Amino acid sequence: MSSECRVANSELKAEDRMSNVEYRMSNGACSRHRRRLLAAVLSIFAIRHSTFAALADDTPAAAGAAAAPKLAFRVAKVLSLNDQDDVINDAVVLVSGGKIEAVGPASQVKIPDGYTVRAFSENWIVPGLVDCHDHIAGSLSDLNDMVYQTNPGLNTRATVEPNNELIKQARTGGVTTVLLIPGSGTNMSGFGTICKTAGDTPDDVVVRSPGSLKIAQAGNPEWYFGGNNRSFMNWNTRQTLLKALDYHRAWEAFEKGQTKKKPAYDPVWDDFRGLFRRDFPVSVHTQIYQVVMTTVTMLSMKLKLWTVMDHSEFDGWKTAPLVLASDAWTIQGPRAFHFDTAARRMCGNANGWWKNGVTKLGLNTDAPVIPQQELSYQATMGCWYGWTTYPAIKSVTKVPSQALGLSDRVGSIEAGKDADFGVWTGDPLDPRSACLLLIVNGKVAYDGTKGERPRPF
């Protein structure tokens, strides 16, 4: 073996170890081992984030406890992230009934009587951050039941834990919406749930269930039951989806009057009907260009599924021409870079996608692999490795909201949308900036204007 190959294999093994953290944490075969690994992972982050838990107190949540107040925000700048990319200086944002009532220059938006005015003369309002890949909005220990290589009957809805300690910390980083998905220890681990980060009950926080169907094609599931190769896993995933498609088509024929034979109801397959109607996407753990190719060809092009690719790491960006020929969304992370052995240089993953024309490009944390409150830093890292700032801000706000089909509610500051936004000390991609105040559904979900704030890194 050449020295170059040994370096390449070493890189790959190191990268695989990182991306397999999720699997190892959730391997149901040894719960004690799982707890120790989880504690070790969380302790690493706790060193740098020891102040977060104390500051992310219980005060704000209360999202469902009282009626949303009428609020007026007077700020230095609003990044609207609307279709015109408006940036509004010396701006006013009015909030009423949990929605954004109006936004515009202070000279044009009059603050009505009865509104509580919050003035931040030097600060920015930025849309609430949205993460398509989260494991902390629910019980971590219940997210990865690895009974079979495909587990089509599972759903994270039952694991949702409002106001858990990790989700409180998420609020300090300006995160308002997450897709809680199962782990990736198996090829199909169940349905995900879209949640807000503030609220006292599951009904308060759940935005949509199912939020997605989670599929993992390679990497972690290769460890299942002593080891599986990609050919079998692709075949197995496809067969499961084809069975579900048969069920959907049988019901569709009955509902359209094409047959009088009513199919038998099957709870295992019934949620898939929304997948084939494109009511929600499939979230795909995919990385390395060969695997990404299968994601695009099998799921997006042949089965016509609404496809949102997670991870998209390593040299996955080399499939950009194929991705551009599909309608798939690319959500990259948590790894921001890789060493490309062909080019013999370090490459930024997001920049690799971007410079090859992929603009439906978002970023994720895979929280708790990267702490949920560090979603903005994922965008910062993307820029450090060659990407540009404004698309990077979109990648954690507007783009993931579009990828999940939520852009009519979140991801931008526009009248009629959910009042989900952060008041930041400055550019959210500047590591020296901090989220001062977080508003979710029109209520204060985190208040960093009082006492000690989490320190930037």
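In this text, all values refer to a predicted model and were calculated from it rather than measured experimentally.
- No option in Val268, Thr186, Asp145, Asn144 other than Thr186 meets the side-chain contact (heavy atoms from CB on, under 4.5 Å) test with Asn151.
- Under the side-chain hydrogen bond (donor to acceptor under 3.5 Å, both in side chains) test applied with Lys196, the options Asp420, Thr177, Thr176 reduce to a single match, Asp420.
- With rounding to the nearest 0.5 angstrom, the CG atom of Leu361 is 13.5 Å from the CH2 atom of Trp317.
- For Ser212, the side-chain hydrogen bond (donor to acceptor under 3.5 Å, both in side chains) partners two or more places apart in sequence, or in a different chain, are Ser283.
- The closest donor-acceptor contact from the side chain of Arg171 to the backbone of Tyr446 lies at 3.5 Å or more, if one exists at all.
- Here salt bridge (charged side-chain N to carboxylate O under 4.0 Å, His left out) pairs that include residues 215-229, with residues two or more places apart or in two chains, are Glu222-Arg230.
- Listed here is the closest heavy atom pair of Leu179 and Cys132: CD2-O, 3.4 Å.
- Side-chain N or O atoms of Gln217 include none that pairs as donor or acceptor with a backbone N or O of Thr286 at under 3.5 Å.
- Looking only at distances, a side-chain donor or acceptor of Thr380 sits under 3.5 Å from a matching main-chain atom of Leu429.
- Applying the side-chain hydrogen bond (donor to acceptor under 3.5 Å, both in side chains) rule to Lys417 yields the partners Ser412, Glu414; only residues at least two apart in sequence or on another chain are considered.
- Partners of Ser96 by side-chain hydrogen bond (donor to acceptor under 3.5 Å, both in side chains), not counting sequence neighbours: none found.
- Between the side chain of Lys398 and the backbone N or O of Ser395 there is no donor-acceptor pair closer than 3.5 Å.
- Trp124 and Trp424 have their aromatic ring centers separated by at least 6.0 angstrom.
- Tested against Val284 for a side-chain contact (heavy atoms from CB on, under 4.5 Å), the candidates Thr294, Val292, Thr295 yield a single pass: Thr295.
- Residues Gln378 and Pro334 meet the side-chain proximity criterion, which asks for heavy atoms closer than 4.5 Å.
- Inter-residue side-chain proximity for Leu363 and Val399 is flagged as unmet; no heavy-atom pair is nearer than 4.5 Å.
- Shortest non-hydrogen contact noted between Pro221 and Ser184 is CD-O, 3.3 Å.
- Going from atom CZ of Phe191 over to atom CZ of Phe272 covers 4.0 Å, rounded to the nearest 0.5 Å.
- Proximity of Ile413 to Leu79: side-chain heavy atoms (C-beta onward) are nowhere separated by under 4.5 Å.
- Put simply, the side chain of Leu305 does not reach to within 4.5 Å of the side chain of Leu213, judged on heavy atoms.
- In terms of modelled atom types and a separation under 3.5 Å, the side chain of Lys302 and the main chain of Thr297 share no donor-acceptor contact.
- For Asn229, the side chain to side chain contact (heavy atoms under 4.5 Å, CB included) test picks out no residue, with sequence neighbours left out.
- Legend: residues meeting side chain to side chain contact (heavy atoms under 4.5 Å, CB included) with Thr150, ordered by chain and number and at least two apart, are Pro152, Asn187, Met188, Asn236, Thr240.
- Under the side-chain hydrogen bond (donor to acceptor under 3.5 Å, both in side chains) criterion, Asp131 pairs with Thr365, Gln372, sequence neighbours left out.
- Between Cys435 and Gly174 the shortest heavy-atom distance is SG-CA, 3.9 Å.
- Heavy atoms of other residues, nucleotides or ligands lying less than 6.0 angstrom from NZ of Lys70 number 12 at most.
- Separation of atoms CG (Asp366) and CD1 (Ile370) is listed at 8.5 Å; rounding is to 0.5 Å.
- Going from atom OG1 of Thr159 over to atom CG of Leu180 covers 4.5 Å, rounded to the nearest 0.5 Å.
- Enclosure of atom CE in Met293 is not indicated, since only 12 or fewer non-hydrogen atoms of other residues, nucleotides or ligands lie within 6.0 angstrom.
- Residues that satisfy the side chain to side chain contact (heavy atoms under 4.5 Å, CB included) test with Lys99, not counting sequence neighbours, are Asp418.
- Side-chain N or O atoms of Gln169 include none that pairs as donor or acceptor with a backbone N or O of Pro371 at under 3.5 Å.
- Under the salt bridge (Lys or Arg N to Asp or Glu O under 4.0 Å) criterion, Glu161 pairs with no residue, sequence neighbours left out.
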Quick one, Thr193 with Thr156, criterion side-chain hydrogen bond (donor to acceptor under 3.5 Å, both in side chains). Give me CA distance, side-chain angles, the key distance, then yes/no. CA-CA 6 Å; Thr193 306; Thr156 62; 2.8 Å; yes

Take Trp329 and Met309 through the test side-chain contact (heavy atoms from CB on, under 4.5 Å) and record every step on the way to the result. CA-CA 6 Å; Trp329 294 82; Met309 297 191 293; over 6 Å; no

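- Looking at Trp306, its side chain never comes within 3.5 Å of a backbone N or O of Ser300 through a donor-acceptor pair.
- Gly442 approaches Leu71 most closely through the heavy-atom pair O-CD1, 3.7 Å.
- Here the NZ-CG distance, from Lys243 to Asp246, works out to 10.0 Å after rounding to the nearest 0.5 Å.
- No side-chain heavy atom of Leu438 sits less than 4.5 Å from a side-chain heavy atom of Phe421.
- Annotation: side chain of Val296 is not in contact with side chain of Thr319 (no heavy-atom distance under 4.5 Å).
- For His133 and His311, the ring centers are positioned less than 6.0 Å apart.
- Looking at Asp447 and Thr449, their side chains do bring a donor and an acceptor atom within 3.5 Å of each other.
- Sorted by first and then second residue, the side-chain hydrogen bond (donor to acceptor under 3.5 Å, both in side chains) pairs with a member in residues 266-281 read Tyr247-Asp270, His248-Arg273, Glu255-Arg273, Arg277-Asp279, Arg278-Asp327; sequence neighbours excluded.
- Taking CG from Leu437 and CZ from Arg118, the interatomic distance works out to 5.0 Å, rounded to the nearest 0.5 Å.
- Here the side chain of Ser326 pairs a donor or acceptor atom with the backbone of Ala328 at under 3.5 angstrom.
- Here Lys256 pairs with Glu252, Gln258 under the side chain to side chain contact (heavy atoms under 4.5 Å, CB included) rule; sequence neighbours left out.
- Within the 4.5 Å cutoff, the side chain of Val205 has no heavy atoms near those of the Ile167 side chain.
- Nearest heavy atom pair, residue Gln149 against residue Gly185, reads OE1-O, 4.2 Å.
- The salt bridge (Lys or Arg N to Asp or Glu O under 4.0 Å) test applied to Asp315 returns no partner, not counting sequence neighbours.
- With contacts defined as side-chain heavy-atom distances shorter than 4.5 Å, the pair Tyr289/Phe314 does not qualify.
- When atom types are taken as modelled, the side chain of Thr425 and the backbone of Ala434 share a donor-acceptor pair closer than 3.5 angstrom.
- The backbone N or O of Ala137 sits less than 3.5 Å from a side-chain atom of Asp134, completing a donor-acceptor pair.
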